[in-house]
Amino acid sequence: MEFPIHRPRRLRKNEHLRRMVRETRLSVDQLILPLFVVPGEGVDNEVSSMPGVRQLSIDLTVRECAEVRDLGIPAVILFGIPEAKDPEGSEAYSDDGIIPNAVRAIKSEVPEIQVITDVCLCEYTDHGHCGLIVDGDVDNDSTVELLAREALAHARAGADIVAPSDMMDGRVDGIREALDEEGFENLPILAYAAKFASAFYGPFRDAAESTPQFGDRRSYQMDSANGNEALREVEMDLEEGADMVMVKPALAYLDVIWRVKQSFGVPVAAYQVSGEYAMIKAAAANGWLDESRVMMESLLSIRRAGADMILTYFAKDAARALAGG
Ligand code: PBG
């Protein structure tokens with residue numbers, strides 16, 4: 001059973017043969033593009049730490065969604081930057097907030113696009129934390145009530161999927177119950193189930209203007225060292241009614257993606273976060289990496305680890321590359 005009988009190189013001889021034995025594929029069906037929506041009209045601000053990513057007002061977001069649809073990408077996930085922030089993040093759960101308005105506009109102009117809304121308070125609170133502050137820390141249960149109201153505001157506006165990213169305990173349960181009470185029992189929840197307290201979120205906080213004004217998120221987001229705990233978080237969210245679960249970030253947590261997929265077999269999303277994107281962009285801008293190849297290799301590795309869906313700022317570039325462009 002040894003060399004020279006086995007020669008794995010036989011199946012690597014040419015691209016046709018390699019295509020035939022390729023185990024994992026990336027398809028445009030698996031891509032989700034994150035979008036940052038800001039107040040105003042005709043607003044288009046590039047995020048300096050994320051070249052190619054822009055904050056767009058609702059009119060331009062709708063235009064972007066039409067392009068996304070034309071590229072064959074099935075879904076976007078929306079993050080909102082409100083007109084004004086306050087300690088309670090009140091615009092987050094207002095029916096007239098930036099996200100409900102954006103959802104209505106997208107669903108009326110580009111109805112085919114699946115609109116996922118990020119459900120969290122950090123973009124809306126003046127302190128930048130993901131919930132209400134009591135005695136210097138985020139209070140869990142009162143925050144869950146506000147998150148349920150936020151999810152409802154998104155649902156009433158026509159969101160197709162809600163995605164809580166706050167990491168409060170019991171929030172999937174709270175959101176599911178609120179949705180069901182108002183007749184949204186068929187609205188799926190994509191839970192950011194295993195979300196780690198990661199330094200890879202840095203550039204996102206510029207884009208979403210959501211940097212915590214004191215402290216950090218370690219009392220609610222997970223410790224990077226913990227894989228078993230990630231499985232328990234996923235299990236709890238599924239028991240509370242999550243339809244799909246997310247692991248975030250992606251590349252530094254491929255083992256977690258793998259274990260979640262193997263253990264539960266449910267639809268798993270992975271978020272290739274802002275820092276993962278920014279690193280590739282920065283190295284490519286310096287001529288140190290081949291951007292397109294590294295993009296495809298990292299996305300494929302996330303698929304190989306077991307992710308069914310990938311949230312990525314590269315979604316449009318990847319869709320073009322997959323179409324042969
Ligand atoms: C909101 C949220 C964050 C991200 C997605 N939703 C930031 C955070 O937790 O600070 C990060 C996404 C990225 O880095 O691309 N809670």
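Below, all heavy atoms of this structure are taken into account, side chains as well, without hydrogens, waters or symmetry copies. All residue numbers in this chain count up from 1 along the given sequence. Ligands are counted one by one from 1 in listed order, and the atoms in each one are counted from 1 as well.
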K.L.:
Could you tell me whether D166 approaches ligand 1 through its side chain, its backbone, both or neither, with non-hydrogen atoms closer than 4.0 Å?
P.N.:
neither
K.L.:
May I ask whether K195 places a heavy atom under 4.0 Å from ligand 1?
P.N.:
yes
K.L.:
Suppose I only count heavy atoms of C122 and a 4.0 Å limit; which atoms of ligand 1 are within that range?
P.N.:
1 (C), 16 (N)
K.L.:
Take a 6.0 Å sphere around CD of E15 and say whether it holds more than 12 heavy atoms from other residues, nucleotides or ligands.
P.N.:
yes
K.L.:
Can a non-hydrogen atom of E276 be found less than 4.0 Å from any atom of ligand 1?
P.N.:
no
K.L.:
Is it the side chain (CB and beyond), the backbone, both or neither of Y277 that lies under 4.0 Å from ligand 1, heavy atoms counted?
P.N.:
neither
K.L.:
Is any N or O atom of Y313, backbone or side chain, closer than 3.5 Å to an N or O atom of ligand 1?
P.N.:
yes
K.L.:
Please list, in number order, the atoms of ligand 1 under 4.0 Å from a heavy atom of D118.
P.N.:
6 (N)
K.L.:
Using distance alone, with no hydrogens and no angle criterion, decide if E46 and Q55 have a side-chain donor and acceptor under 3.5 Å apart.
P.N.:
no
K.L.:
What protein heavy atom sits nearest atom 12 (C) of ligand 1, and how far away is it?
P.N.:
F204 CD1, 3.2 Å
K.L.:
Would one find more than 12 heavy atoms of other residues, nucleotides or ligands at under 6.0 Å from atom CZ of R156?
P.N.:
yes
K.L.:
Can you find a heavy atom in the side chain of F204 that is under 4.5 Å from one in the side chain of F36?
P.N.:
yes
K.L.:
What do we get for C120 next to ligand 1 when only non-hydrogen atoms under 4.0 Å count, side chain, backbone, both or neither?
P.N.:
side chain
K.L.:
Any atoms of ligand 1 less than 4.0 Å from a non-hydrogen atom of R205? List them with their elements.
P.N.:
8 (C), 9 (O), 10 (O)
K.L.:
Nearest heavy-atom pair of V172 and E240: which atoms, and what distance?
P.N.:
N-OE1, 3.3 Å
K.L.:
Considering only the protein, which heavy-atom contact is closest to atom 14 (O) of ligand 1, and what is its distance?
P.N.:
S274 OG, 2.7 Å
K.L.:
For ligand 1, which atoms, with element, lie under 4.0 Å from some heavy atom of Y271?
P.N.:
12 (C), 15 (O)
K.L.:
Report, as yes or no, whether the 6.0 Å neighbourhood of atom CZ on R18 holds more than 12 heavy atoms from other residues, nucleotides or ligands.
P.N.:
yes
K.L.:
Flag the pair E209 / R205 as yes when at least one side-chain heavy-atom distance between them is below 4.5 Å, and no otherwise.
P.N.:
no
K.L.:
To which protein heavy atom is atom 11 (C) of ligand 1 closest, and what is the distance rounded to 0.1 Å?
P.N.:
K248 NZ, 2.9 Å
K.L.:
If you count the non-hydrogen atoms of other residues, nucleotides and ligands that lie under 6.0 Å from CD in Q262, is the total more than 12?
P.N.:
yes
K.L.:
Q221 to ligand 1: N or O pair under 3.5 Å?
P.N.:
yes
K.L.:
Among side-chain atoms of D96 and S94, is any donor-acceptor pair under 3.5 angstrom?
P.N.:
no
K.L.:
Check each heavy atom of S165 against ligand 1 and say whether those closer than 4.0 Å belong to the side chain, the backbone, both or neither.
P.N.:
both
K.L.:
Step through the shown structure and confirm whether more than 12 heavy atoms of other residues, nucleotides or ligands are within 6.0 Å of CZ on F79.
P.N.:
yes
